[in-house]
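Start at 1 and go down the list; that is how both ligands and their atoms are numbered. Hydrogens, waters and symmetry mates play no part in the numbers below; they use all other heavy atoms, side chains included. Residue numbers start at 1 and run along the sequence shown.
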Amino acid sequence: MEEPASFQADRINHLFNNFNIAAAAVLLLVIVLTTWFTIRFRRRQGDNSEGAEIYGNRKIEIVMIGIPALLLAWLFYQTLSVAGDVMPYSKPRRPPDIIITGHQFWWEVDYPGSHVITANEVHLPVGRQLVMEMRSADVVHDWWVPQLGNKMDLVPGVKNYLWLNIHRPGNYIGTCSEFCGEQHAWMRISVVAQEPADFNRWLDSNKVAASPPQDDLGRQGKALFEVRSCANCHRVKGTSAAGTAGPDLTHIGSRSTILTGLMETNEKNLADWIEHPQEIKHGAYMPEFLFAKDSIRALAHYLEQLK
Ligand code: CUA
């Protein structure tokens with residue numbers, strides 16, 4: 001694991017390094033002994049006698065069984081100790097800070113304390129122990145951001161928990177790590193780790209309802225969004241669109257990418273996506289609608305303004 005950025009990733013890295021050091025030491029010992037025995041006990045010229053037949057040697061047996069047993073016991077202890085640090089309890093003792101719900105093929109991100117729901121771009125504060133609750137809305141997914149430590153499955157009907165204590169701000173990329181369908185490979189995770197003050201600012205800006213469109217094209221887009229099928233699946237806080245099957249779009253314009261990192265968020269990409277979703281992300285649950293060109297332009301213009 002390169003550049004671990006959380007307490008959990010540090011501990012796992014430490015364990016991985018210890019296993020590597022132990023494995024390297026064993027490999028070195030085997031190579032040295034094999035080489036030494038090959039030279040030391042080779043057949044000399046003119047010597048055609050059989051080698052001595054030796055049965056049993058208590059001392060050597062104790063060493064040969066004792067050292068590997070001690071090594072295994074040490075690695076077992078290390079594993080338990082790291083597992084305990086990474087997952088201190090099977091169930092957390094306080095409500096979760098974040099609830100992540102896996103969907104085919106995106107991530108719902110819910111901050112229960114502040115009634116903020118967003119998608120795909122997971123903002124987290126650094127420097128404190130977070131409890132993340134992991135759920136699934138459909139099939140088994142798996143959360144894995146390598147720099148932040150361990151994986152966790154998201155299983156329908158089950159609540160799993162992940163503890164996370166991030167050291168430093170940054171963008172950390174991960175991916176769904178359990179095959180979940182056609183767009184599994186494009187179920188990326190983007191974690192934006194921020195200093196607590198920046199995180200709170202972000203959270204506050206996401207608590208508010210969507211800003212109303214600034215121009216006529218935007219207003220047209222909003223009207224279309226609310227009366228056409230969009231509102232059945234997507235929510236835009238502060239409007240009549242309250243669907244929950246698809247990602248919350250209240251502040252989609254402020255997220256840097258759409259479709260879990262597949263495309264940059266801009267008007268052109270939003271329009272392309274609305275026009276040909278099945279060409280861009282085949283298998284995603286976004287139907288191909290037959291919108292007129294100017295309707296698509298209005299919708300994309302409206303969505304891009306949702307900051
Ligand atoms: Cu979700 Cu693979």
Which atom pairs, one a donor and one an acceptor, fall under 3.5 Å between side chains of residues 74-84 and the rest of the protein, sequence neighbours left out?
residue	atom	partner	partner atom	Å
Q78	OE1	N18	ND2	2.6
T79	OG1	L75	O	2.7
S81	OG	R11	NH2	3.4

(message) Is the ring pair W107/W143 parallel, tilted or perpendicular, if the boundaries are 30 and 60 degrees?
(response) perpendicular
(message) Do the side chains of R201 and D204 get close enough for a salt bridge, i.e. N-O under 4.0 angstrom?
(response) no
(request) Decide whether R235 and T250 meet the rule of one side-chain donor and one side-chain acceptor closer than 3.5 Å. (result) no
(request) Determine how many protein N/O/S atoms sit closer than 2.8 Å to atom 2 (Cu) of ligand 1, leaving waters out since they are not shown. (result) 4
(message) Checking the side chain of K91 only, and the main-chain atoms of Y161 only, is there a donor and an acceptor separated by less than 3.5 Å?
(response) no
(message) For F179 and H184, take the angle between the two ring planes, folded into 0 to 90°, and tell me which bin it lands in: parallel under 30, tilted 30 to 60, perpendicular over 60.
(response) perpendicular
